[in-house]
Amino acid sequence: MKRLDWFIARRYLASRRKGRFVSLITLIAVGGVFVGVAALIIVIAVMTGLQRDLQAKIIGMNPHVYVFQQGRGFRMPDWRPALETVRQAPGVVVAEPFIMTQVAVFVPGTDYAQAGMLYGVDPAPESGGLTTVQKQIASGELDFGPTSTGYPPLVMGRRLAERLSVFPGDTIQIVSLENFNTGGGGEMVPIIRPFEVTDRFSTGMYEYDSNFMYAALEPVQDLLHLEDGVGAIGVNVSDPWAVQGTAQWIQDELRFPYYTNDWVQLNSSLFSALKLEKIVMTVILFLIVVVAAFNIISTLIMVVADKTREIGILKSMGMSDHTVLRIFMLQGLAIGVVGTLLGTGLGLGLTWALDTYQFIELPGDVYFLDSLPVALDPVDVALIVLLSVGVAFAATIYPARQAAGLLPVEAIRHD
């Protein structure tokens with residue numbers, strides 16, 4: 001009986017002319033599911049990729065936990081005892097002092113200056129470094145001197161270097177924006193120090209590549225008149241997603257005047273916005289599948305109206321209401337499954353193409369990233385497939401019950 005159900009359902013889905021082509025209305029219903037599923041998979045892959053790529057770059061370019069000292073600006077004069085305590089915290093992999101300061105950069109002989117963030121770091125830490133750039137400096141992948149001019153070496157973001165039109169070997173002037181000397185008349189005199197650009201780095205994240213610079217601790221301490229002081233202590237943990245526990249332990253041990261921030265806290269608004277955007281886009285695009293479900297309903301209603309007499313003949317020959325119900329449910333389910341499989345295939349194919357060839361570029365100053373990242377989560381794909389087929393199946397219930405409820409005598413008399 002099951003084979004007969006499927007045979008009749010397949011015949012009803014086909015057109016009258018020789019049964020070779022699917023009817024136009026059925027094609028429209030399949031197309032609706034196809035477009036909805038494909039669009040949903042692609043958008044979910046892009047949103048997931050964007051979130052994961054941002055997370056990876058933020059984790060790679062920033063310490064997982066920051067340890068600061070209360071006071072004027074980011075200053076930590078007596079940092080060594082605090083560093084020893086931080087290194088004993090559970091889950092800590094790396095803990096190093098560093099300096100971060102806002103500066104202005106200009107090339108001698110030009111009248112153009114550019115603001116940026118200068119980091120003073122240990123050029124050869126035993127732990128290998130806190131960030132991706134520090135690790136590249138420590139491993140020698142990025143050139144960090146010695147310099148031909150004798151000036152302190154500096155590694156600069158690619159976009160910042162392009163704005164200033166500087167290349168490795170060029171000399172730049174760094175102006176501190178956080179402290180000044182006092183002249184003989186009481187006027188403020190900016191502190192300026194020369195550096196030599198030894199290399200450029202690229203992270204693929206606009207904000208970092210257009211603002212960040214790295215130099216050794218000592219020349220940055222000299223620029224800020226810190227003597228032996230630093231700005232903060234950076235900490236990396238074994239599990240960045242469980243960073244709150246380590247941050248709280250450090251806070252409890254060091255107490256006032258020290259305090260901590262972690263990368264989750266500092267970027268919570270960004271990731272909350274991305275999560276909300278993903279949910280909203282999912283709901284909006286899922287409405288395409290819901291619209292396709294109405295197409296399935298209309299398709300089956302038209303089939304019931306067209307096949308009413310045949311249904312009456314089949315029921316008069318002994319076919320049960322349950323069998324008729326199953327025939328029309330199989331039709332709707334076939335439309336949903338075919339549309340879902342085709343849409344899944346297209347969605348996976350376009351996602352693979354976007355990930356492999358990266359032919360869509362983004363304005364980095366708007367989206368933070370230079371290219372469109374994509375990432376497919378198998379759970380997301382499975383959920384989309386199940387929901388699509390489920391909606392298609394639900395759409396068959398009403399027309400299938402209408403067909404099963406036809407009385408044989410009235411159905412046979414139907415014109």
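All of these numbers come straight from a predicted model, not from anything done at the bench.
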Between the main-chain N or O of [Y] and the side-chain N or O of [X], is there a donor-acceptor pair closer than 3.5 Å?
X	Y	answer
Thr132	Gly60	yes
Ser298	Asn295	yes
Gln51	Lys275	no
Glu96	Gly234	no
Thr356	Ala353	no
Asp355	Trp352	no
His64	Val237	yes
Arg52	Gly49	no
Glu196	Thr149	yes

Kindly indicate whether the side chain of [X], heavy atoms from C-beta on, has any atom under 4.5 Å from the side chain of [Y].
X	Y	answer
Gln244	Asp262	yes
Lys278	Asp380	yes
Asn62	Trp263	no
Arg75	Leu224	yes
Val103	Met213	yes
Leu325	Arg401	yes
Ile384	Ile44	yes
Leu266	Tyr66	yes

Quick one: pull up [atom1] in [X] and [atom2] in [Y] and give me the separation to the nearest 0.5 Å.
X	Y	atom1	atom2	result
Asp209	Met156	CG	CE	12.5 Å
Ile335	Leu27	CD1	CG	9.5 Å
Met205	Arg159	CE	CZ	12.0 Å
Gln134	Leu142	CD	CG	11.0 Å
Ile284	Leu40	CD1	CG	11.5 Å
Leu348	Ile42	CG	CD1	9.0 Å

Contact summary for [X] and [Y], nearest pair of heavy atoms:
X	Y	value
Pro168	Asp199	CG-CA, 4.2 Å
Ser202	Arg158	OG-NE, 3.5 Å
Pro153	Gly145	CB-N, 4.1 Å
Pro219	Phe195	CB-CE2, 3.8 Å
Ile191	Leu223	CG2-O, 3.5 Å
Ala232	Met76	CA-CE, 4.1 Å

Q. Is any NZ, NE, NH1 or NH2 atom of the basic residue among Arg80 and Glu84 found under 4.0 Å from an Asp or Glu carboxylate oxygen of the other?
A. no
Q) Quick one: do Glu207 and Lys57 make a salt bridge, cutoff under 4.0 Å? A) no
Q: For the pair Gln69 and Trp79, evaluate side chain to side chain contact (heavy atoms under 4.5 Å, CB included) and give the outcome as yes or no after the intermediate values.
A: CA-CA 9 Å; Gln69 184 173 342; Trp79 54 272; over 6 Å; no
**Q.** Check against side-chain hydrogen bond (donor to acceptor under 3.5 Å, both in side chains), Thr85 and Glu253
**A.** CA-CA 8 Å; Thr85 301; Glu253 289 295 318; over 6 Å; no
Q.
Working note: Ile41 + Leu350, criterion side chain to side chain contact (heavy atoms under 4.5 Å, CB included); need CA distance, chi angles, decisive distance, verdict.
A. CA-CA 9 Å; Ile41 287 177; Leu350 288 178; over 6 Å; no
Q: State which residue, out of Leu177, Val105, Asn211, Val220, fulfils the side-chain contact (heavy atoms from CB on, under 4.5 Å) condition with Leu118.
A: Val220
Q.
Just to verify, which of Val94, Ile233, Leu130 counts as forming a side-chain contact (heavy atoms from CB on, under 4.5 Å) with Pro63?
A. Leu130
Q: Verify the ring-centre separation between Tyr259 and Phe68: is it less than 6.0 angstrom?
A: yes
Would you indicate whether [X], at its atom [atom1], is surrounded by more than 12 heavy atoms from other residues, nucleotides or ligands within a distance under 6.0 Å?
X	atom1	value
Phe294	CZ	no
Phe286	CZ	yes
Tyr112	OH	yes

Q: Please step through side chain to side chain contact (heavy atoms under 4.5 Å, CB included) for the pair Ile296 and Phe393, ending with a clear verdict.
A: CA-CA 9 Å; Ile296 294 174; Phe393 179 76; over 6 Å; no
**Q.** From CA spacing to verdict: ring pair (Phe, Tyr, Trp, His ring centres under 6.0 Å), Tyr214, Tyr119
**A.** CA-CA 5 Å; Tyr214 289 83; Tyr119 284 83; 5.3 Å; yes
Q.
Looking only at the side chains, is there a donor atom on one of Thr198 and Asp143 sitting less than 3.5 Å from an acceptor on the other?
A. no
Q.
Under the criterion side chain to side chain contact (heavy atoms under 4.5 Å, CB included), I'd like the reasoning laid out for Gln173 against Arg193: C-alpha separation, chi angles, the key distance, then a yes or no.
A. CA-CA 6 Å; Gln173 298 285 342; Arg193 294 289 186 271; 5.9 Å; no
